[in-house]
Each structure stands twice: as C-alpha cells, then as structure tokens.
Amino acid sequence: MMRRSLLVAGAMVLLGSTARAQGPDGRLARLDAATAAVVQAIVDSARAVGIPSEPIIDRALHAAARQMSASRTLAAVRARVVQLGAAHAALAPATESEVIAGADAIGSGASARTLSELRRARPSTELTVPIGVLADLIGRGVARDTAAAVMLQLASMDIRDKELTEFRRMVDRDIALGALPTAAVAIRAEAAGVQNLNATGDPLQSGTTRGATAPRPIPPQRP
Amino acid sequence: MPDHDDLMIARITRELKQPVLIDPSFDTRVMAQLRDDRAPRMSPWQWLVRPRSIQLSPLGGLGVAGALAATILLAVSLRDARPAVAPPMGEMPASATAPASAGQVALAQAPTAIVQTVQFVLRAPRATTVTLVGDFNDWDTASTPLQRAAGDMWTVTIPLTAGRYTYTFVVDGKRWVADPSAPRAPADDFGQASSVVTVGGSAS
C-alpha cells in the first residue's frame, strides 16, 4: 500500500514539474500566436541547455510592448539567446543574474574571455555588479580593453560591490564634466589602486614595469 | 524396615557422590552449537536494506506520500529561486538639483538583504501620465504608474531583488523615454534606448 502511494506521489510530482517546465508561458499571449510559438520553442531549447529563460521572455515582452514586428521580435530574441549562451558558457557556474549581466556586457562589446577571467578572479563571489559595471563603462564609451583590464584588476583586489558602483558613478560624473571616457576610467582606476595600466588601458604583462618614459593616462578635459 | 531405608539412602548417596564422566568434547560441541544458533551480526548497511513489513492505513500512506511530494516541490522551488545576495548597496542617490538629471534612480536599503526598494524619478513637466516598464514588470505599460511629486518630478518606488534590469519610462502612454541619469542598456534591436539598473549584490 505504502509503496503504491509513494509511486503515485512521485509520478504526480514528476508530471507536475515537467508540465511546469515545458508548458507555454502565458505572458507570451501578448505576441501573435505564430511568434509566440516560435519564442516558446526558443525558450524551451534554451532552457534545455541551462540558459535562463526569463531574460528571453523579457526580450519578447519588451518587443511586444514596443509593438515590434514579428521579424524584429524574433531577431531580438535570437540575439538575446546568443548573448545569454555566450555569457552562460563563459561564466559557468553562474547565477541567472550573472548570466543576464554577462549577456549585457557581451551586448555592449565585452568579450566572453573577459567574463571568464572575471570568474577566475572571483570564483566564489557573485559577479553581477562587476559585470554590470563593465557593461556600463563600455556603454559609456570606455575602450573595451581598458574597461576589461580595470575591472579585472578591481575584481582581483576584492573591491566591494558598493565601491565598484561608486567607481562607476565617479567615472560617469567625470565624463559628464567633459572627460574622455577611457581617460576618466584610467584616472579613477589609478586612484583606486589599479597598477600597470598603460596608455591604452591594457595591463602590462606580469614581470614588466612601466618605464619612466611611458605615457601616463590623459587627464580629463574640463569644459 | 528402617535399616532397609537407611541402606537405600546410603546407596543413593554413594551413587550421587560418584564423579560424572562427560565426553571431553562436550563443551566444544555445545559452544559450537551456540555459535551457530546465534543471530548473525548485521552491518549498518545490512540493517538498512533488510526488508521489513510495515503496516500502514490508507490515510497514513497518503500522508507519507504528501510529505514526500512537498519535500520534492520545496527542493525544486529552492533550486529555481534567485540567489540571495547581500547586503544591499546604494546607487545614484536622487539629487533633484542636478541640472543634467531629468530622471534619476535611487536605491535605499530595504528591511531584508535580498530585496531593495528602488526609487525611479523622472522630470517631465508637461506629462499627464508617466509609467515605468522593464524586466521587473514584464514590460507592462499599465502596472507601474509614477506619481507626480513636487515640481515637475514623477516618482515611483518598487522593490527589486539583486540583479540587472532594463527599464524605461513611458510618457503619456506613447513616448518612451530612457532615464537620462542611468547607464544605457546595450542596443536592444528596437532602435530606442533603454536604461539599466544593477541592484547589488554581494558583500565582497
């Protein structure tokens, strides 16, 4: 009797979780039926390989809210899946928010390699904020390599999330005051203790030192 | 007659006083038999896997099955839950006097370390309605209206868990306005800018 009850309960649980995982998402009803079906298939496929599904649905809902055509909606959704997949692979193991931030960073122009290096620098720490700051800096016009080098060094220095956000705010303020984005980052990074950033923002190879004649970062241009 | 009895008693007594001759291997055989009859010593694993008969009423069986199902569902829901990251951080405190800030995002510490209240502010002097749309409300243009505050400011405060969110304002139901004071979202293929807010985060 007990064995039979347990079997029935187990089957019910398995069926329930399967239905929840593969059932259509009701929010996609905002799309036309054909587009919703394609998006649902993309979501299911992504979910099967461990890519978080919520940001994919978010992108589709965003498109629906902006009344985008089916082709633009699907193109945006597919692009999002590609970014999420790259971030997921680069950051694994990663939380959903890390993957979302990583996808944004890749969408901004950061490389998957940078994300992997960030993960190596902080293997057991939530990376959402460092990756988000990386994406924000690149989005503000900071050279990709400079942003990556600075964030990698800040991450390896075990800088707190709050300090990283403050760092980004300071860079934002300098840019708003007229500083060149890359120069603003370089100067703020030096102030934060980042070492060995050359003029292009690339960290020098370990074992080398900056020569006396090496150019220093360009100071911000005040209006 | 008494003499006969005495003789009988004496004979029995003598007989009983004789030493009893026992086979020398008797002790060995008895102990071997005892060893064979003793229950075998079970290892913990054998104890675990030894089949038992349990009697259970139908109601009891349903109760056990329900408890098992609840445990599995709890485990599944915990696995799907967003990671709890703590403690919160502050970001972009509102400064209504900043000339470049038509809209701002401000974070305030929430009662728990997981959820933070985030204030969204937009300066929109001629607007009749302003709503907030983003990843956090499924881009529903009706679910998060802003309230008119002092001056030309519109504001709303919502709870957010740690993560990175894309959002924008919708003015008068048709004009999409990115938050000018927040970082821009990467190109979203829709040709219109959105903003992002990153809600921390870890303690490190």
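Quick caveat, the model's predicted, so the values are computed rather than measured. Below, chains carry the letters A, B, ... as their sequence lines are ordered, and counting in each starts from 1. No hydrogens, no waters, no symmetry mates; every other heavy atom, side chains included, goes into these values.
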For the candidates B/Asp135, B/Asp138, B/Thr168, B/Asp140, which exhibits the highest count of non-hydrogen atom pairs separated by less than 4.5 Å from chain A?
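Of the candidates given, the most pairs with chain A belong to B/Asp138.
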Check: A/His62 and B/Ser194 side chains under 4.5 Å, non-hydrogen atoms
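With C-beta onward as the side chain, the pair touches.
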Under a 4.5 Å cut-off applied to non-hydrogen side-chain atoms, are B/Thr141 and A/Arg66 in contact?
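B/Thr141 does not reach A/Arg66 side chain to side chain.
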Does the side-chain contact (heavy atoms from CB on, under 4.5 Å) test come out yes or no for B/Val196 and A/Asp136, once each step is laid out?
CA-CA 8 Å; B/Val196 290; A/Asp136 292 344; 3.5 Å; yes
Please name the pair of heavy atoms, one in [X] and one in [Y], separated by the smallest distance, quoted to 0.1 Å.
X        : Y        : value
A/Arg30  : B/Trp139 : NH1-O, 3.6 Å
B/Pro186 : A/Gly107 : CB-C, 3.8 Å
A/Ile100 : B/Arg164 : CG2-O, 3.9 Å

Side chain to side chain donor-acceptor pair (under 3.5 Å) against A/Thr128, all qualifying residues, sequence neighbours excluded
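Per chain and number, A/Thr128 pairs via side chain to side chain donor-acceptor pair (under 3.5 Å) with A/Ser97, A/Glu126.
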Rounded at 0.5 Å granularity, tell me how far CD in B/Gln192 sits from CE in A/Met68.
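Taking CD in B/Gln192 and CE in A/Met68, the distance rounds to 5.5 Å.
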With a 4.5 angstrom heavy-atom cut-off, which part of A/Arg27 approaches chain B: side chain, backbone, both or neither?
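Just its side chain gets close to chain B.
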With chain B as the partner, which of A/Leu61, A/Leu137, A/Ile57, A/Asp104 has the greatest number of non-hydrogen pairs under 4.5 Å?
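Looking at each option in turn, the highest pair count goes to A/Asp104.
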Flag the one option from A/Ala135, A/Ser108, A/Gly139 with the top tally of heavy-atom pairs under 4.5 Å to chain B.
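Heavy-atom pair counts peak at A/Ser108.
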Please check if atom [atom1] in [X] has more than 12 non-hydrogen atoms from other residues, nucleotides or ligands closer than 6.0 Å.
X        : atom1 : value
B/Arg29  : CZ    : yes
B/Arg175 : CZ    : no
B/Leu16  : CG    : yes

